[in-house]
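Positions are given from 1, in the same order as the sequence printed here. Start at 1 and go down the list; that is how both ligands and their atoms are numbered. Just so it is clear, the values below take in all heavy atoms, side chains as well, and ignore hydrogens, waters and symmetry mates.
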Amino acid sequence: MKLPASLQARVQALRVVSRPPHARGIASSSVSQRAVISSLNSFSGVTASESDDERVVRMLMFGKPGAGKGTLSARLTKKYDILSISTGDLLRQHINEGTEVGKQAEAIIARGELVPDDVMLKVVTSKLDCLQDKHWILDGFPRTLNQGKLLDAHLRKQNTPLTLVVNLNVADEVILNRVSDRWIHMSSGRVYNTSYNPPRIAGIDDLTGEPLTKRPDDNPEIFSRRLEAYYGLTSPLLSYYTSQATAPVSAPVASPCQHPHQVLLHRADKLALRSVTGRTSDEIWPELDYIIMSMFPGLRNRGDDVFSPKSQGFDNVVSAGTLSATVPPPSLK
Ligand code: AP5
Ligand code: MG
């Protein structure tokens, strides 16, 4: 699918956007530094339990490339006891570490195309299966209708269906501006923006002191292909989730000895789809936060409610190497 002419012009204009002076000559961050390994060390250990009359956050953060999925997921995981999994971050870690998945994904990502569904399903489920009783957000998956169906089938088997899809509705023009200003800390996935949330020291990650880099797929040509892939392959998922969210709920079959309360709990798992629209964080964040608070009233707040764009919470991001089967319980705070 071709981008509209107005957007092609915008992409063209971005080609002449000059890099911030501090950015020139910044080297890639060290592959060996996997800052996200800290993710489970700061995890509070609170276990989501559907028998506690609480809905469990099993959420998709859905939106175009550059819509703010990573940024807003980080805000939520900073405020609430939720973990997030970003498939883009996982793939970049696989690439950095030279795994088989990384070797397969590198050229595909560089072209702005999508990694095959079967590879992505393995990447995601290997992480998701460790989070069965936790609150989680998926950022960047599913991205095709087939991925959506595969994910549903996988979650259904575990009786842990999705509870919320949030669609970040941000105009293409806004996104194109943002991405030209984006810098990342490769090993953790931390996102900065020279105009929105700049690092404390230009070109340097706030937490590790390591250099920031541009994502190789953030140049205008590749970014326009990523947008095309979104419109062609990913946006149809919105209709898929809309029909799930609006389908009548079939009444669960109650056993004679089941308390009526339990029947209600079962119904509470119906998928909700919410769209949030805005150009800036001031517009989007309060609305998103309200959705989470109102839909999941029992969700534990981490206690640090004060958000500063400069100190986004990235400690609760699930990394490629974080969750092996043998990970010991994190030291609880
Ligand atoms: P991925 O890394 O997931 O990229 P993406 O979906 O294209 O999304 P981005 O990470 O670019 O954007 P974002 O929405 O997270 O926005 P961000 O918070 O950074 O995937 C990369 C590649 O991997 C894909 O192209 C594909 O090849 C492959 N891949 C991944 N998943 C796959 C899958 N399931 N199947 C197949 N292939 C897959 O924000 C963007 C910028 O805006 C930042 O600079 C940020 O600081 C700024 N910003 C964010 N929010 C705001 C705000 N509210 N106000 C102002 N500025 C803001
Ligand atoms: Mg992202």
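Those atoms of ligand 1 with a heavy atom of Gly70 less than 4.0 angstrom away are 13 (P), 15 (O), 18 (O). Atom numbering of ligand 1 starts at 1 in the shown order; those under 4.0 Å from a heavy atom of Arg92 are 2 (O), 21 (C). Per-residue contacts place Glu113 under 4.0 angstrom from the following atoms of ligand 1 (heavy atoms of the residue considered): 26 (C), 27 (O). In the vicinity of Asn197, heavy-atom distances shorter than 4.0 Å reach the ligand 1 atoms 46 (O). Distances below 4.0 Å separate heavy atoms of Gln147 from the following atoms of ligand 1: 33 (C), 34 (N), 35 (N), 36 (C). Atoms of ligand 1 found under 4.0 Å from any heavy atom of Met120 (numbered from 1 in listed order, with element): 31 (N), 32 (C), 33 (C), 34 (N), 35 (N), 36 (C).
Of the N or O atoms in Phe223, none lie within a sub-3.5 Å distance of an N or O in ligand 1. Polar contact check, Val115 against ligand 1: a nitrogen or oxygen pair lies under 3.5 Å apart. Here's the thing with Ser86: none of its N/O atoms is less than 3.5 angstrom from an N/O atom of ligand 1. Residue Leu72 has no N or O atom closer than 3.5 Å to an N or O atom of ligand 1.
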Query raised in the report: Stepwise, does the side-chain hydrogen bond (donor to acceptor under 3.5 Å, both in side chains) test hold for Tyr80 with Asp289?
Result: CA-CA 10 Å; Tyr80 298 105; Asp289 194 26; 2.6 Å; yes
Report task. Please lay out, stage by stage, how Thr125 and Leu151 fare under the test side-chain contact (heavy atoms from CB on, under 4.5 Å). Result -> CA-CA 8 Å; Thr125 54; Leu151 177 66; 5.6 Å; no
Report task. Determine, stepwise, if the pair Met293 / Leu299 fulfils side-chain contact (heavy atoms from CB on, under 4.5 Å). Result -> CA-CA 8 Å; Met293 273 192 291; Leu299 183 61; over 6 Å; no
Query raised in the report: Is there a side-chain hydrogen bond (donor to acceptor under 3.5 Å, both in side chains) between Asp181 and Ser195 once you walk through the steps?
Result: CA-CA 7 Å; Asp181 291 342; Ser195 47; 3.0 Å; yes
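Residues in residues 100-116 take part in these salt bridge (charged side-chain N to carboxylate O under 4.0 Å, His left out) pairs, two or more places apart or across chains: Glu100-Lys103, Arg111-Glu113.
How far NZ of Lys214 is from CG of Asn219: 9.5 Å, rounded to the nearest 0.5 Å. Rounding to the nearest 0.5 Å gives a distance of 14.0 Å between CH2 of Trp183 and CG of Asn197. In this structure, CG on Asp206 lies 8.0 Å from CD1 on Ile201, to the nearest 0.5 angstrom. Remark: Ile82 CD1 to Ile292 CD1 distance equals 5.5 Å, nearest 0.5 Å.
Using a distance-only test at 3.5 Å, with no hydrogens or angles considered, no donor-acceptor pair links the side chain of Asn167 to the main chain of Asn169.
Using 4.0 Å as the threshold, Gly112 has no heavy atom nearer than that to any atom of ligand 1. The shell of residues lying under 4.0 angstrom from ligand 1, judged by heavy atoms, excludes Asp181. Between Ala67 and ligand 1 there is a heavy-atom distance shorter than 4.0 Å. The closest approach between any non-hydrogen atom of Asp217 and ligand 1 is below 4.0 Å.
Residue contacts with ligand 1 for Val191 involve side-chain atoms from C-beta outward but no N, CA, C or O (heavy atoms, distance under 4.0 Å). Proximity of Trp183 to ligand 1, defined as any heavy-atom pair under 4.0 Å, is not found for any part of the residue. At a heavy-atom distance under 4.0 Å, only backbone atoms of Lys64 (N, CA, C or O) approach ligand 1.
In this comparison of Arg279, Arg182, Lys69, Met61, the heavy atom closest to atom 14 (O) of ligand 1 sits on Lys69. Compare Arg225, Arg178, Arg143 by their heavy atoms: the one nearest to atom 42 (O) of ligand 1 is in Arg178. The heavy atom nearest to atom 29 (N) of ligand 1, considering only Leu91, Thr87, Asp89, is found in Leu91. Compare Arg226, Arg111, Arg190, Arg215 by their heavy atoms: the one nearest to atom 21 (C) of ligand 1 is in Arg215.
In this structure, Thr280 has no side-chain hydrogen bond (donor to acceptor under 3.5 Å, both in side chains) partners at least two apart in sequence or on a different chain.
Using a cutoff of 4.0 Å between basic side-chain nitrogens and carboxylate oxygens, Arg92 and Asp89 are scored as salt-bridged.
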